[in-house]
Amino acid sequence: MAHYQLLHDWAVSPAEAIALQQQLRSQIRIEPLAEPPKTIAGCDISFNKFEETVYAGIVVLRLDTLETIEETGVISTAPFPYIPGLLSFREIPSLLQAWARLKTEPDVVMFDGHGTAHPRRIGIASHAGLFLNRPTFGCGKSVLVGKYNDPAPERGSWSPMTHYGDVIGAALRTKNKVNPVYVSPGHLIDLETAISLTLNCDGGYRIPEPTRRAHNLVNALRKGERPDLSV
DNA sequence: GCGACAG
DNA sequence: ATCTTGTCGC
C-alpha cells in the first residue's frame with residue numbers, strides 16, 4: 001500500500017550508476033522535518049555468502065514507545081554487485097518491494113548505510129529518499145568517506161564528519177565507551193534531527209532499534225524462520 | 001601512482 | 001554482507 005516513484009531504471013552499468021548519482025544529487029534537500037514524526041522505519045538486507053539471493057526487510061516502530069507496529073520482508077535477487085559508493089544500486093530495488101508491502105506509511109526512514117556522507121553526497125539513504133519522497137537518513141557502522149575527531153566517550157556526544165570542506169554527517173556515540181555510529185541526513189531532514197532521532201531509538205545497544213530490528217528480521221527471513229513474511 | 005573503500 | 005568461540009575488559 002505504501003507507494004514510491006520509480007525515478008529511473010535499476011538495470012544500469014557502474015558508469016551509468018555514477019552518472020545517475022550526479023544527476024540526482026541536485027534534487028536532494030537537507031532541511032528540518034516538515035512534520036513531527038510519530039513512526040520510524042528501519043531497513044536492512046541480508047545475504048548468504050557467495051549467493052545472489054537478497055533478503056530485504058523493513059520494520060516500523062512508534063517513536064514514543066519503540067513498539068514494533070509492522071514488518072515486511074521480500075526475497076529477490078541482487079541486480080548489481082557491491083561496489084563502494086554504489087551500494088544503493090544493490091540494495092534499494094529489493095527494499096522498494098518491501099516498502100510496497102507496508103500498510104502504513106512511516107514518517108521517517110532509517111537506513112543501514114550513509115546519506116550525504118558519500119563521495120557524491122548521495123548514499124543509499126539520500127537516493128531512497130528521492131524515490132520514497134519521505135524523510136530519510138543513514139546510520140552506518142563504518143565510514144565510507146570523511147574525517148572526524150573522536151567524540152567524547154559518553155552516550156549522546158558527537159563530532160562532525162567533514163569531506164572536502166563539507167560537514168557531511170556525524171560520528172555519534174550511542175552507548176558509553178562504545179564505538180560511534182555514523183549518522184548523516186538522506187533527504188527532507190537535517191543532521192541535527194537525524195542525530196536526535198537516532199538517540200531517541202535507544203534500545204541499549206550500539207545500533208539503534210529500527211535498523212537493529214530490521215537486521216534481525218532479515219536474518220530470520222534468510223534462515224527460513226519467518227514463513228509468515230514474504231508470502 | 002598508491003591506498004581506501006557503506007553493506 | 002557472511003563465516004564463528006572463546007575471551008578480554010568494565
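Chain letters run A, B, ... following the sequence lines, proteins first, then strands; residues in each count from 1.
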Contact list (N/O, under 3.5 angstrom) for nucleotides 3-8 of chain C vs protein:
residue: C:dC3; atom: O2; partner: A:Lys49; partner atom: NZ; Å: 3.1

Nearest to the side chain of A:Ser142 - C:dT2, B:dC5, B:dG7? B:dG7
Can you measure A:Phe89 atom CZ to B:dG7 atom P for me and round it to whole angstrom units? 18 Å
So A:Gly85, base contact, sugar-phosphate only, or nothing? Heavy-atom distance under 4.0 Å. base
Can a side chain N or O of A:Lys177 be found less than 4.0 Å away from OP1 or OP2 on C:dG9? no
Rounding to an integer number of Å, can you tell me how far A:Ile45 CD1 sits from C:dA1 C1'? 10 Å
So A:Asn176, base contact, sugar-phosphate only, or nothing? Heavy-atom distance under 4.0 Å. nothing
Scan A:Gly123 against the nucleic acid and name what it touches under 4.0 Å (heavy atoms): base, sugar-phosphate only, or nothing. base
For A:Ile124, report the nucleic acid contact type (base, sugar-phosphate, nothing); a contact means any heavy atom under 4.0 Å. base
Rounding to an integer number of Å, can you tell me how far A:Leu86 CG sits from B:dG7 P? 15 Å
Can you tell me if A:Tyr182 touches the phosphate of B:dA6, counting only side-chain N or O atoms and a distance under 4.0 Å to OP1 or OP2? no
Closest approach to the side chain of A:His215, judged atom by atom: which nucleotide of C:dT2, B:dG7, C:dC10 is it? C:dT2
Integer-rounded Å distance: C:dA1 C1' and A:His114 NE2: 14 Å
Taking the side chain as C-beta and beyond, is there a heavy-atom pair between A:Glu70 and A:Lys103 under 4.5 Å? yes
Taking only the side-chain heavy atoms of A:Ser46 (C-beta and beyond), determine which of C:dT2, B:dC5, B:dG7 contains the nearest atom. C:dT2
Whole-Å distance between B:dG7 P and A:His118 NE2? 13 Å
Between C1' on C:dT2 and OH on A:Tyr55, what's the gap in Å once rounded to a whole number? 13 Å
In this structure, how many angstroms lie between the C1' atom of C:dC10 and the CD atom of A:Glu154, rounded? 15 Å
